[in-house]
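In each ligand, atom 1 is the first atom listed, and ligand 1 is the first ligand listed.
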Amino acid sequence: ALSSTVYAGDNSNETQAIMFLEEYNERAQTVYPESIEISWTYNTDITEANQQAMIDSSLEVAQFAKDMQVQAQQFNRTGFSYDTNRQLEKLLYIGDAAMEDPDQLEELNTLQAQMETRYSTGEVCLNNSPDQCLELEPGLTRIMATSRNYDELFWAWDGWREAVGAPAREDYRRYVELKNIAAQANDQPDCGAYWRSWYETPDLQAQVEQLYNQLKPLYQQLHAYVRRKLYNVYGEDFINLRGPIPAHILGNMWAQSWTNLLDLVEPYPGKPTVDITPSLVSKGYTPLQMFQVSDEFFTSLGLIEMPQEFWDKSMIEKPDDGRSVVCHASAWDFYNQIDFRIKQCTDITMDDFITVHHEMGHVEYYLQYKEQPVVYRDGANPGFHEAVGDVLALSVSTPQHLYAVDLLDTVVEDDEADINYLMSMALDKIAFLPFGYLMDLWRWGVFDGSTPSSKYNEDWWKLRLEYQGIIPPMERNEGDFDPAAKYHIPASVPYIRYFISFVIQFQFHKSLCAAAGQEGPLYKCDIYQSEEAGTLLADMLKFGSSRPWPEAMEAITGQREMSAVPLVEYFQPLIDWLEEQNKNEYIGWDGAPEWRPAAPGVWTGAGVATSYSFTVLFVLLLGSF
Ligand SMILES: CC(=O)N[C@@H](CC(=O)O)C(=O)NC[C@H](CC1(C(=O)N[C@@H](Cc2ccc(O)cc2)C(=O)O)CCCC1)C(=O)O
Ligand SMILES: [Zn+2]
């Protein structure tokens with residue numbers, strides 16, 4: 001472990017340091033690919049054996065990282081060049097691998113694998129009949145997206161939390177202890193501090209809080225408008241027009257994206273839809289075609305195409321051979337400059353079409369920085385990695401673009417259609433902001449001890465109320481553990497990167513649109529086929545993590561800070577429209593602090609099952625007279 005001061009050996013010979021770094025770079029490109037392949041096998045075929053193989057392999061990689069850390073520590077870096085210094089520094093801080101006690105590391109890896117397996121194999125069964133069970137994808141996701149039945153939605157929402165939330169509580173408590181031990185071995189006070197250290201930004205928490213406060217008014221306007229529309233559907237027993245919205249009726253298992261409510265909230269109904277799901281289905285799109293259309297957008301900018309190995313080895317559909325897989329989409333860099341893959345249980349929906357671009361954005365970043373030393377094959381900061389695909393998706397999503405690539409049959413360009421489009425984008429991008437912010441607010445509190453395990457669920461719902469203005473449909477308690485119902489908690493994937501991405505992607509979009517010579521309003525910009533935009537983006541992606549992220553930000557936008565201004569500029573027409581629509585609405589959700597939604601009814605399954613049981617009952621009653 002590192003001593004409390006920055007450990008420095010006495011070898012000031014930079015030539016030796018450079019030779020050591022070159023040796024590391026060679027060996028890492030054998031050690032990591034082998035281990036990642038084993039992790040890929042577990043993710044695409046969840047079995048006890050594959051899970052154990054992954055745990056064993058991560059222990060071997062940890063030993064390699066620790067050996068390299070010891071060698072890096074021998075150097076006195078003070079006189080070295082910026083680059084040698086930065087590369088050595090990347091080898092000193094090695095995450096869980098820094099743990100002193102190998103048994104604790106094995107315990108931690110086992111806990112993380114078990115929590116991920118529980119989540120990925122979780123299912124909810126109807127009337128406890130084992131042949132009527134739904135997994136998260138696609139079954140429960142489709143219900144959350146399409147049902148307008150308050151009780152059915154509660155059945156899915158509560159069932160999922162019962163299946164994968166509460167059971168994870170004890171594992172999670174121990175995981176937190178071990179993650180903090182690992183953080184301390186990296187010279188950090190707790191795991192949240194270690195995760196934040198990746199941004200090399202001392203006031204990161206203050207910066208994200210300031211960004212959130214600048215964007216809160218936009219969210220409150222959207223919240224008030226959507227609440228009114230949901231009131232018209234579910235009525236006063238379940239919606240209070242001055243209070244929070246029940247968490248399970250927003251079209252998404254975590255209320256983090258409200259795009260599936262578009263049919264309920266569309267400002268000007270009757271305009272051609274901007275949702276291409278129907279046309280993807282009617283045109284018989286396959287997952288492969290969705291991936292090919294996305295790849296074509298990237299190459300139209302002059303970016304690097306997906307290599308043959310990508311098409312040969314990716315998993316783009318949920319297997320139908322009975323294998324259990326981790327369906328949560330992901331992109332993979334095998335750190336051998338050859339293998340890059342996506343694993344996605346692709347559904348034929350617009351949501352998944354956008355996700356394809358998101359994942360392919362990760363792979364494009366991998367491809368652009370694959371010539372960098374392994375220690376630099378990372379995003380300028382994690383938020384940059386999350387933003388790449390989403391930036392391109394901002395162009396792809398425009399009705400004009402979707403019409404141009406024959407994914408929309410008709411497009412109408414007038415003010416009302418524009419407001420409809422901005423609403424559909426706001427239901428994704430603005431609705432997400434408080435969730436993207438609170439996920440790690442909760443975790444930072446858990447890691448620094450301000451949220452003890454006795455208050456895990458209480459503090460979670462306090463943040464969900466304060467930032468998202470949502471309330472659980474039924475009273476929750478510490479017998480529940482609702483945070484674990486969201487993938488990134490049991491899978492130990494940090495989340496502030498997404499909040500940051502949702503802000504900076506609009507900064508990038510604005511700069512790429514300018515480079516593409518697009519003049520009109522930001523929300524209409526489509527950088528398709530602009531090599532100028534592609535070059536501006538690619539030149540930044542090539543940096544990897546070789547320079548601090550403000551330099552990468554400057555390379556694209558000409559300035560060094562994160563800023564919410566381009567996001568607000570993009571949505572300005574909708575903000576004006578919402579303020580007009582909401583002029584008699586109560587803005588915010590603190591107007592009825594005692595109010596609670598009425599209890600949901602018991603859901604016994606599809607409509608047929610319900611009427612069937614009533615019919616039987618009715619006949620029996622008749623017979624008894
Ligand atoms: C080996 C490995 O782990 N690789 C990393 C990539 C890397 O680090 O190199 C990786 O693939 N992570 C998976 C994760 C998947 C998704 C996700 O989890 N998204 C968030 C938030 C969000 C929501 C809407 C949106 O438009 C954008 C983001 C959520 O769904 O809550 C699921 C769908 C989209 C992205 C991802 O791609 O970020
Ligand atoms: Zn991502």
Aromatic contact, Y366 with H385 (centres under 6.0 Å): yes
Any donor-acceptor pair under 3.5 Å from Q207 side chain to M562 backbone: no
Distance-only donor-acceptor check, side chains W549 and T201, under 3.5 Å: yes
W332 N/O under 3.5 Å from ligand 1 N/O: no
Min heavy-atom dist I354 to ligand 1 below 4.0 Å: no
Non-hydrogen atoms of K343 and H328 that approach each other most closely: NZ-O, 2.7 Å
N, O or S atom of E386 closer to the Zn ion (ligand 2) than 2.8 Å: yes
Under-4.0 Å salt bridge between D440 and R443: yes
Atom 24 (C) of ligand 1: the protein heavy-atom neighbour that sits closest, reported with distance to 0.1 Å: F502 CZ, 4.1 Å
Interfacing atoms of ligand 1 (cut-off 4.0 Å, heavy-atom, K486): 29 (C), 30 (O), 31 (O)
Protein contact to atom 15 (C) of ligand 1 [nearest heavy atom, distance to 0.1 Å]: A329 O, 3.0 Å
R169 and D480 ion-paired at < 4.0 Å: no
Metal check, the Zn ion (ligand 2) vs H358 N/O/S, cut-off below 2.8 Å: yes
Atoms in ligand 1 with a heavy atom of E359 nearer than 4.0 Å: 11 (O), 15 (C), 16 (C), 34 (C), 35 (C), 36 (C), 37 (O)
Heteroatom proximity flag, H328 to ligand 1, N/O under 3.5 Å: yes
Atoms of ligand 1 close to T355 [distance to a heavy atom under 4.0 angstrom, numbered from 1]: 33 (C)
Nearest candidate to atom 31 (O) of ligand 1, where distance is taken over non-hydrogen atoms, out of F435, Y365, W254, Y495: Y495
D390 neighbourhood, listing ligand 1 atoms whose heavy-atom distance to it stays under 4.0 Å: 26 (O), 27 (C)
Of the listed options Y366, Y487, Y498, closest to atom 14 (C) of ligand 1 (non-hydrogen atoms): Y498
Y212 and Y467 aromatic ring geometry - parallel, tilted or perpendicular at 30°/60° bounds: perpendicular
Polar proximity ligand 1 side, S330 side, N/O cut 3.5 Å exclusive: no
Name, closest N/O/S atom of H362 to the Zn ion (ligand 2): NE2
Ligand-side contact atoms (ligand 1) for residue partner Q256, heavy atom cut-off under 4.0 Å: 23 (C), 29 (C), 30 (O), 31 (O)
Test log, rule salt bridge (charged side-chain N to carboxylate O under 4.0 Å, His left out), inputs E37 and R341: CA-CA 11 Å; E37 191 68 51; R341 299 176 203 163; 3.0 Å; yes
Check ion pair E569-K510 (N to O, under 4.0 angstrom): yes
Y365-Y369 aromatic ring centre distance below 6.0 Å: yes
Nitrogen or oxygen of A331 less than 3.5 angstrom from that of ligand 1: yes
For R497 against V493, the heavy-atom pair lying closest together: NH1-CG1, 4.2 Å
